Amino acid sequence: MVAVVGDGSAMYGIQALWTAAHLKLPITYVIANNRSYRILKERLVSMRATDKFTGMDIRDPEIDFSALAQSMGLAARRVAKPEDIVPALREAAGRQGPSLVEVMVADGFGG
Ligand SMILES: Cc1ncc(C[n+]2csc(CCOP(=O)(O)OP(=O)(O)O)c2C)c(N)n1
Ligand SMILES: [Mg+2]
């Protein structure tokens, strides 16, 4: 089973990773890390015609989701190159318990 979630959304319930490790659930978690709440920025631009973003960056400090997952007992890997995604997913699927693949993606606003 694969669960795909944004970095911001992942922070609403990151403790679920501990539960998955505790119960040894066969789930591969994929976090798309764009260091922001991109959807909120996109909506502001398209519906409010503004690019004044308040509290929508998750950068200072940046969150290391792989380290976060490892601290809760998951095998985890950060991927920054597209060609590394499939091997990382295969590796994760081959494990018994839960794994996390953190995929670094563009934030859509130049960063
Ligand atoms: C508990 C909760 N708080 C706030 C929201 C409002 N909300 C919807 S999407 C979103 C940002 C999601 O950011 P992310 O998961 O990083 O997705 P991105 O658009 O960056 O890919 C927020 C704050 C929500 N849906 N649920
Ligand atoms: Mg995000």
Side-chain angles (χ1 to χ4, degrees):
M1 183 184 289
V2 178
V4 183
V5 66
D7 54 339
S9 304
M11 288 301 289
Y12 307 156
I14 198 72
Q15 65 273 26
L17 295 181
W18 182 89
T19 304
H22 180 66
L23 298 177
K24 300 184 170 44
L25 302 180
I27 300 174
T28 298
Y29 294 93
V30 178
I31 293 183
N33 186 351
N34 57 13
R35 301 157 302 284
S36 61
Y37 296 115
R38 177 170 173 174
I39 188 63
L40 302 187
K41 294 183 179 181
E42 302 280 2
R43 295 300 87 186
L44 272 182
V45 169
S46 66
M47 298 168 76
R48 304 275 171 185
T50 177
D51 60 359
K52 295 213 180 331
F53 307 130
T54 304
M56 296 178 193
D57 286 311
I58 315 172
R59 291 179 184 278
D60 186 18
E62 281 193 14
I63 297 171
D64 183 339
F65 283 93
S66 298
L68 201 47
Q70 282 166 15
S71 79
M72 289 186 270
L74 283 78
R77 181 170 157 187
R78 175 180 275 197
V79 167
K81 293 186 286 184
E83 62 267 31
D84 291 338
I85 295 175
V86 169
L89 291 176
R90 285 197 206 287
E91 187 183 293
R95 288 207 195 85
Q96 288 283 323
S99 298
L100 181 129
V101 178
E102 177 183 20
V103 182
M104 306 307 285
V105 294
D107 73 2
F109 292 87

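Source: prediction; values computed, not measured. Scope of the values below: all heavy atoms of this structure, side chains included, with no hydrogens, waters or symmetry mates.
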Flag side-chain contact, heavy atom, 4.5 Å: Gln15 against Thr19: no
Met1 and Leu25, any side-chain heavy atoms less than 4.5 Å apart: no
Are any side-chain N or O atoms of [X] and backbone N or O atoms of [Y], one a donor and one an acceptor, separated by less than 3.5 Å?
X     : Y     : result
Asp7  : Ile31 : no
Thr50 : Arg48 : no
Arg35 : Asn33 : yes
Gln70 : Ala76 : yes

Stepwise side-chain contact (heavy atoms from CB on, under 4.5 Å) check, Arg78 with Asp64: CA-CA 9 Å; Arg78 175 180 275 197; Asp64 183 339; 4.2 Å; yes
Qualifying residues under side-chain hydrogen bond (donor to acceptor under 3.5 Å, both in side chains), relative to Thr28, sequence neighbours excluded: none
Residues in salt bridge (Lys or Arg N to Asp or Glu O under 4.0 Å) contact with Glu91, at least two apart in sequence or another chain: Arg77, Arg95
Qualifying residues under salt bridge (Lys or Arg N to Asp or Glu O under 4.0 Å), relative to Asp57, sequence neighbours excluded: Lys41, Arg59
What about [X] and [Y], same hydrophobic cluster or not, with Ile/Leu/Val/Met/Phe/Trp/Tyr joined at side-chain heavy-atom distances under 4.5 Å?
X      : Y      : answer
Tyr29  : Ile85  : no
Phe65  : Ile27  : yes
Leu74  : Val5   : yes
Val79  : Met104 : no
Leu100 : Leu23  : yes

Crowding at CD, Gln96 (>12 non-hydrogen neighbours, <6.0 Å): no
Parallel, tilted or perpendicular: ring planes of Tyr37 versus Tyr12, cut at 30 and 60 degrees: parallel
From CG (Asp107) to CE (Met56), nearest 0.5 Å: 13.0 Å
Point-to-point distance, once rounded to the nearest 0.5 Å, from CG of Leu40 to OG1 of Thr54: 11.5 Å
Ala92 to Val101 - nearest heavy-atom pair and separation: CB-CG2, 4.2 Å
Nearest heavy atoms of Ile63 and Glu102, plus distance in Å: O-OE2, 3.8 Å
Worked check of side-chain contact (heavy atoms from CB on, under 4.5 Å) between Phe53 and Val45: CA-CA 9 Å; Phe53 307 130; Val45 169; 3.8 Å; yes
